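To start, the structure under review is shown below, and the notes come after it.
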Amino acid sequence: MLDQKLIREDPTFVEKKLSRRGKTFELSNLHQLTLKIKETDIELSNLQSESKKLSKLIGEIYQQNNDSAPDDFNKMKDQANNLKAKISNLEIKKRDLNKEILNELLKLPNFPSDKSPSGNDESQNVEIKKWGNPTIVNNQKSHWEIGENLNLFDSKRSSKISKSRFITLIGDGARLERALINFMLDTHFKKGYLELIPPALVNSDSLQGSGQLPKFSNESFKCSDDDLWLSPTAEVPLTAFHKDEIIDINKLPLKYVAYSPCFRREAGSYGKDTKGLIRLHQFNKVELYWFSDPKDSSEAHKKLTSDAEDILKKLELPYRVIDICSGDLGFSSSRTFDLEVWLPSSKMYREISSCSNCLDFQARRSSIRTKIDKKSLFLHTLNGSGLAIGRTMAAILENGQQKDGSVKIPDALIPYFGSSLIKSN
RNA sequence: GGAGAGGUGGCCGAGUGGUUGAAGGCGCAGCACUGGAAAUGCUGUAUAGGGGCAACUCUAUCGAGGGUUCGAAUCCCUCUCUCUCCGCCA
């Protein structure tokens, strides 16, 4: 959420900042509302102050048991009642204005960072780094072909259980998934991350706090009988973990690593990536999350990204880093580095992690603060996958495939998986 | 799901209608004392939004919302969360 005060004081500046997203944001209505609520608020406090004084006066007279002037007494009561009516009206007005403002405010995305490259869509994202040697081999099989051949997962039966875009992992496939989760958690744990396993169901407040609501309600699954949703990413419960808290500046940064299943409706992606492990309604993910001192968040962003990269390096998967341009940034993010892993079968890089610095955007929505010199301010939040498990498995299957149809397991993963090769049996 | 108990400041805990934003304690910070520390003493210590260059000041907030009243942490209603017992269950 953007700062209401900033919109009130300099709407043009805010519009200009937002316009880098490649759209025009018309804030004059919101601006008027913020002026109006301030005016209302001042009037309201004045009346409240008056009413409070009067009540105290009445109280004093009452306690002295001074019955000598009942007329004055009643006159004062009338006056107080009069004030009360005015106050009540203003309170309603203020509440309505507040609702309207919040409504608009919650729909505004974060400012793109000045450091984010300018651009309107993903074609203008900038590659800033490449690691490893992307291989192109003849007769390259897709990971879903490999998976089918080796009986690692079954998507047909899964659609019987649920619907399309669900997967059942089988045998070595299931074991590989588990090995990857443990490998990633251990690796991050050793770097000082605190491990969390958060709830998979989250309430509307939590989704609003991290930016999924109110704008993107059609992207998550909702439980019909409760105010609960299936979490689309651990970013949601991790943000909400410290909701309404003031965190000691000396304890920052807080670094969390969380394993969680993620659920996404993938509305609007019909026909895209219908096969394999790339785009599922349910997938596993290990998420990195930092609560940072505002002045350190840029550094933290680099660190978090490199911690996610480290998983790809250890797994010997070729990847590149993309600096997302201003027009392609996610709603809550001010700057994002995507990690894209090489998938030989499609001869392209696919997103496997998205590392974002949200600045104080989520912290303001979730009211998470810290204190510097007795002044409280919103801290900064950062998140990134470290990594998406299903896509990592896809990358391992494709990059590790051998001529005989077996798959080589990266050395770092062998202790977790238990063998160096997946072959048909 | 049934029955009961309860949600007060960073924490514990008092407070059943009138200067209560809230006693007391703990914790924390500063100062004094000390060679240094402990102990002790004094002072300070919520959040948000207004006004003021500032000292300061106004308003709101005792789980949330509504009601009664000139006045509510305190009374009434609704919701919510936590705890205990029973039932059920991994």
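FYI, side chains are in, hydrogens and waters are out, and symmetry mates aren't considered; it's all heavy atoms of this structure. Predicted model, so just to flag it, every value in this text is computed and none were measured. Naming: A, B, ... by sequence-line order, numbering from 1 per chain.
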Checklist entry - So which nucleotide does B:A39 pair with, by the Watson-Crick or G-U wobble rule with both distances under 3.5 Å? => result none
Next on the checklist: Short of 4.0 Å, heavy atom to strand atom, which residues of residues 43-55 of chain A count as contacting RNA chain B?
Outcome noted: A:S45, A:Q48, A:S49, A:K52, A:S55
Checklist entry - Under 4.0 Å: is that the gap between some side-chain N or O of A:R369 and OP1 or OP2 of B:A48? => result yes
Checklist entry - Between atom CG in A:N250 and atom P in B:G10, what is the gap in whole Å? => result 18 Å
Next on the checklist: Run A:F263 and A:H281 through ring-ring contact (aromatic ring centres under 6.0 Å, His included) and show every step you take.
Outcome noted: CA-CA 5 Å; A:F263 304 89; A:H281 286 310; 9.9 Å; no
Checklist entry - Can you name the nearest heavy-atom pair linking A:T370 to A:D248, along with the distance? => result OG1-C, 3.9 Å
Item to check | Separation of B:C79 C1' from A:N203 CG (nearest whole Å) | outcome: 15 Å
Checklist entry - Between atom CG in A:D205 and atom P in B:C81, what is the gap in whole Å? => result 12 Å
Checklist entry - Hey, does A:T392 have a side-chain heavy atom less than 4.5 Å from the side chain of A:V341? => result no
Checklist entry - Separation of A:I37 atom CD1 from B:A48 atom P, in whole Å? => result 17 Å
Next on the checklist: For a quick test of reading the model: is some side-chain N or O of A:R95 closer than 4.0 Å to OP1 or OP2 of B:G66?
Outcome noted: yes
Item to check | Integer angstrom distance from the P of B:G27 to that of B:A39 | outcome: 8 Å
Checklist entry - Considering only the C1' atoms, how many Å lie between B:G13 and B:C31, rounded to the nearest integer? => result 28 Å
Item to check | P atoms of B:G9 and B:U61, separation to the nearest Å | outcome: 15 Å
Next on the checklist: Mind checking if A:I246 touches a base, just sugar-phosphate, or nothing, with heavy atoms under 4.0 Å?
Outcome noted: sugar-phosphate
Checklist entry - Paired with B:C89: which nucleotide, if any, by Watson-Crick or G-U wobble criteria at under 3.5 Å for both distances? => result none
Next on the checklist: Using the P atom as the point on both nucleotides, what is the distance between B:C33 and B:C42, in whole Å?
Outcome noted: 16 Å
Item to check | Pair assignment for B:A73, Watson-Crick or G-U wobble, requiring both distances under 3.5 Å | outcome: none
Next on the checklist: Counting the benzene-type ring for Trp, do A:Y193 and A:Y256 have ring centres under 6.0 Å apart?
Outcome noted: no
Item to check | Integer angstrom distance from the C1' of B:G67 to that of B:C81 | outcome: 22 Å
Item to check | Who pairs with B:G21 - Watson-Crick or G-U, where each distance is under 3.5 Å | outcome: none
Checklist entry - With sequence neighbours left out, which residue pairs that include part of residues 150-179 of chain A fulfil the side-chain hydrogen bond (donor to acceptor under 3.5 Å, both in side chains) condition? => result A:D154-A:R157, A:S158-A:T168, A:D172-A:R175, A:E177-A:N284
Checklist entry - Rounding to the closest angstrom, what is the interatomic distance between B:A73 and B:G6 at atom C1'? => result 15 Å
Checklist entry - Are side-chain N/O atoms of A:K115 and A:S298 paired as donor and acceptor at under 3.5 Å? => result yes
Checklist entry - Heavy-atom distance under 4.5 Å between the side chains of A:F189 and A:K191, does that happen here? => result no
Checklist entry - Does B:U82 have a Watson-Crick or wobble partner in any strand here, with both distances under 3.5 angstrom, and which is it? => result B:A5
Item to check | Pairwise C1' distance, B:U84 and B:U45 [rounded to whole Å] | outcome: 36 Å
Checklist entry - What's the shortest heavy-atom distance between A:S366 and A:T239, and which atoms? => result OG-CG2, 3.5 Å
Item to check | Spacing of A:L377 atom CG relative to B:A48 atom C1', expressed in whole Å | outcome: 14 Å
Checklist outcome for this item: Atom CZ of A:R364 and atom P of B:U47 are separated, to the nearest Å, by 17 Å
Item to check | Upstream residue (5' side of RNA chain B) when A:K56 and A:D41 are each assigned their closest nucleotide | outcome: A:K56
Next on the checklist: It should be established whether A:R8 places a side-chain nitrogen or oxygen under 4.0 Å from OP1 or OP2 of nucleotide B:G50.
Outcome noted: yes
Item to check | Selection: residues 79-88 of chain A, any non-hydrogen atom under 4.0 Å of RNA chain B | outcome: A:A80, A:N81, A:K84
Next on the checklist: Check this one for me: any side-chain N or O of A:K38 less than 4.0 Å away from OP1 or OP2 of B:G51?
Outcome noted: yes
Next on the checklist: Any non-hydrogen side-chain atom of A:C358 less than 4.5 Å from a side-chain atom of A:N383?
Outcome noted: yes
Item to check | Nearest-angstrom distance from the residue atom CD of A:E39 to P of B:G51 | outcome: 13 Å
Next on the checklist: Checking base pairs now: Watson-Crick or wobble, both atom distances under 3.5 Å. What partners B:U34?
Outcome noted: none
Next on the checklist: Please report the distance, rounded to the nearest Å, between CG in A:D227 and C1' in B:C79.
Outcome noted: 13 Å
Checklist entry - When you compare B:C53 with B:U43, how far apart are their P atoms, in angstrom units rounded to a whole number? => result 33 Å
Checklist entry - Does the side chain of A:L2 reach to within under 4.5 Å of the side chain of A:R364, using non-hydrogen atoms? => result no
Next on the checklist: Here's a test for you: under ring-ring contact (aromatic ring centres under 6.0 Å, His included), which of A:Y289, A:F291, A:F378, A:W290 qualifies with A:H242?
Outcome noted: A:F291
Next on the checklist: Any strand counts, and the cut-off is 3.5 Å on both contacts for Watson-Crick or G-U wobble. Which nucleotide pairs with B:C26?
Outcome noted: B:G10
Item to check | Pairwise side-chain contact, A:F153 with A:L277, heavy-atom cut-off 4.5 Å (strictly under) | outcome: yes
Checklist entry - Partner of B:U61 by Watson-Crick or G-U wobble geometry, both contacts under 3.5 Å, or none? => result B:A46
